[in-house]
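Protein chains get the first letters and strands the later ones, always in sequence-line order, with residue 1 at the start of each. These numbers come from the heavy atoms of this one structure, side chains and all, not from hydrogens, waters or symmetry mates.
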Number of protein chains: 2
Amino acid sequence: MAEASRAALDRREALERLRRSGGRVTQARRVIIDVLADAGGHLTAEELFHAVSIRDASVHRATIYRTLDALERVGVLEHVHLGHGSAVYHLVGASHFHLVCERCGAVTEIPESIFASALEQIQFDWGFRARLSHFAILGTCRRCQASRTESRAPDSHRDERP
Amino acid sequence: MAEASRAALDRREALERLRRSGGRVTQARRVIIDVLADAGGHLTAEELFHAVSIRDASVHRATIYRTLDALERVGVLEHVHLGHGSAVYHLVGASHFHLVCERCGAVTEIPESIFASALEQIQFDWGFRARLSHFAILGTCRRCQASRTESRAPDSHRDERP
DNA sequence: CTCGCTGCAAAGCTTTTGCACTAGA
DNA sequence: TCTAGTGCAAAAGCTTTGCAGCGAG
């Protein structure tokens with residue numbers, strides 16, 4: 001992976017990759033990529049739509065979905081499921097996993113190396129080449145383990161049943 | 001975990017657990033638990049609804065959702081996300097992970113022990129107690145790795161973009 | 001007898017799609 | 001120019017909810 005050494009694609013690289021794949025660089029796509037680059041990733045389609053609307057109110061919600069699909073197909077971005085809610089999108093970059101606390105919703109990124117040997121064993125035993133980064137890993141964070149009666153944070157929850 | 005030694009709760013244990021938690025054992029719940037026990041797990045709400053309808057057509061779709069919620073809350077069942085589609089439900093039992101092939105949709109269950117040391121390291125390094133069983137692990141199965149042009153199986157796909 | 005559970009209907013939310021028009025290469 | 005991409009509107013899923021009646025304990 002060429003991008004594994006960097007945090008993520010920047011605007012220029014993203015547009016370049018899009019162009020090279022035969023896609024057109026439109027106003028909507030430029031804004032969407034800008035927002036994703038600025039946010040540093042982890043936006044749902046809806047969050048992205050709101051953020052994009054601020055910069056260009058003419059971009060339609062349907063365009064967000066179609067563009068996310070198109071950009072994912074040409075390898076400019078990826079989506080991850082952090083929980084029960086909508087997927088979140090981010091520009092491709094260093095492969096990593098997400099630890100999501102089921103109680104407070106905190107998201108921690110960890111390097112993929114942690115699971116290297118486990119994934120090798122799965123490849124060896126089952127012939128299955130696993131890609132762990134597509135889903136978050138749920139659990140309980142240090143803080144919430146310490147305080148069992150910790151109340152839930154009001155925001156940033158994606159995997160909570162009300 | 002008391003149920004870790006067995007494949008999953010059977011009807012009697014499930015009803016017992018429901019009753020002990022103060023829940024009422026109704027006709028609808030009995031049928032739902034029966035269907036899940038017979039299926040051996042991995043049913044979406046919609047699949048469950050169809051299967052339940054065959055045995056008792058009077059059970060409403062909304063009851064399926066409310067019952068799944070209730071039964072999950074009292075620890076009778078759990079849900080897992082195998083892919084982009086709806087979650088699948090199963091009676092609680094031995095903790096395991098699901099390998100889902102992104103190309104053919106095949107689902108393989110593997111024991112949680114594979115990841116034991118990785119999860120321990122996460123606990124040690126980040127203080128995060130991870131529970132990997134809530135999401136599937138996507139990747140490519142042996143067969144699909146062998147035949148790169150393998151056509152997708154028409155069914156059992158849950159994590160495929162059309 | 002009481003209130004937890006259910007059927008029903010309707011709404012809610014996210015995502016997709018058909019169509020005609022616009023604009024990128 | 002030529003067609004990929006877009007806005008718009010409407011539909012399509014899937015899931016939730018308010019309400020009144022029923023039935024489990």
Taking atom [atom2] of [N] as reference, at what distance in whole Å does atom [atom1] of [X] sit?
X: A:Leu68; N: C:dT14; atom1: CG; atom2: P; answer: 15 Å
X: B:Phe49; N: D:dT16; atom1: CZ; atom2: C1'; answer: 15 Å
X: A:Ile64; N: C:dT16; atom1: CD1; atom2: C1'; answer: 15 Å
X: A:Asp69; N: D:dA4; atom1: CG; atom2: P; answer: 16 Å
X: B:Arg66; N: D:dT16; atom1: CZ; atom2: P; answer: 11 Å
X: A:Leu71; N: D:dG5; atom1: CG; atom2: C1'; answer: 12 Å

- Message: Any side-chain to backbone donor/acceptor pair from B:Arg17 onto B:Gly75? Under 3.5 Å, distance only.
- Response: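 Here the side-chain-to-backbone pair exists.
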
- Has the side chain of B:Gln145 got a donor or acceptor atom that lies under 3.5 Å from a matching backbone atom of B:Thr140?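 At least one qualifying donor-acceptor pair exists.
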
Could you tell me whether [X] and [Y] make a salt bridge, using a distance below 4.0 angstrom between a side-chain N and a carboxylate O?
X: A:Arg73; Y: A:Asp69; value: yes
X: B:Asp56; Y: B:Arg30; value: no
X: A:Asp125; Y: B:Arg142; value: no
X: B:Arg29; Y: B:Asp34; value: no

- Query: Less than 4.5 Å apart, any side-chain heavy atom of B:Leu82 and any of B:Val100?
  - Reply: yes

- State, with a plain yes or no, whether a side-chain heavy atom of B:Glu16 is found less than 4.5 Å away from one of B:Asp10. no

- Once the angle between the rings of B:Phe97 and B:Phe115 is folded into 0 to 90°, is it parallel (under 30°), tilted (30 to 60°) or perpendicular (over 60°)?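 Perpendicular: the ring planes of B:Phe97 and B:Phe115 meet at over 60°.
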
- Task: Evaluate the ring planes of B:His90 and B:His98, with Trp represented by its six-membered ring, and classify them as parallel (under 30°), tilted (30 to 60°) or perpendicular (over 60°).
- Result: tilted

- Query: Side chain of B:Arg19: nearest nucleotide among D:dT17, C:dG7, D:dG25?
  - Reply: D:dG25

- Query: Looking at B:Leu15, B:Leu91, B:Leu36, B:Ile32, which hits side-chain contact (heavy atoms from CB on, under 4.5 Å) with B:Val76?
  - Reply: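 It is B:Leu91, the one option of B:Leu15, B:Leu91, B:Leu36, B:Ile32 that forms the side-chain contact (heavy atoms from CB on, under 4.5 Å) with B:Val76.
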
- Query: Bend angle of the helix from C:dC1-D:dG25 to C:dA25-D:dT1 from five-pair axes at both ends, rounded to 10°?
  - Reply: 40°

- Message: If you take any heavy atom closer than 4.0 Å to DNA chain C, which residues from residues 20-27 of chain A end up in contact?
- Response: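 The answer is A:Arg24, A:Val25.
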
- Task: Name the residue closer to the 5' end of DNA chain D, choosing between B:Arg30 and A:Ala70 according to the nucleotide with the nearest heavy atom.
- Result: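 In this pair, the answer is A:Ala70.
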
- Query: Taking for each residue the nucleotide of DNA chain D with the nearest heavy atom, is it A:Thr67 or B:His60 whose nucleotide lies nearer the 5' end?
  - Reply: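 Looking at the nearest nucleotide for each, A:Thr67 comes out on the 5' side.
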
Please list, pair by pair, any protein nitrogen or oxygen found under 3.5 Å from a nitrogen or oxygen in nucleotides 13-15 of chain D.
from	atom 1	to	atom 2	distance (Å)
D:dT15	OP2	B:Tyr65	OH	2.4

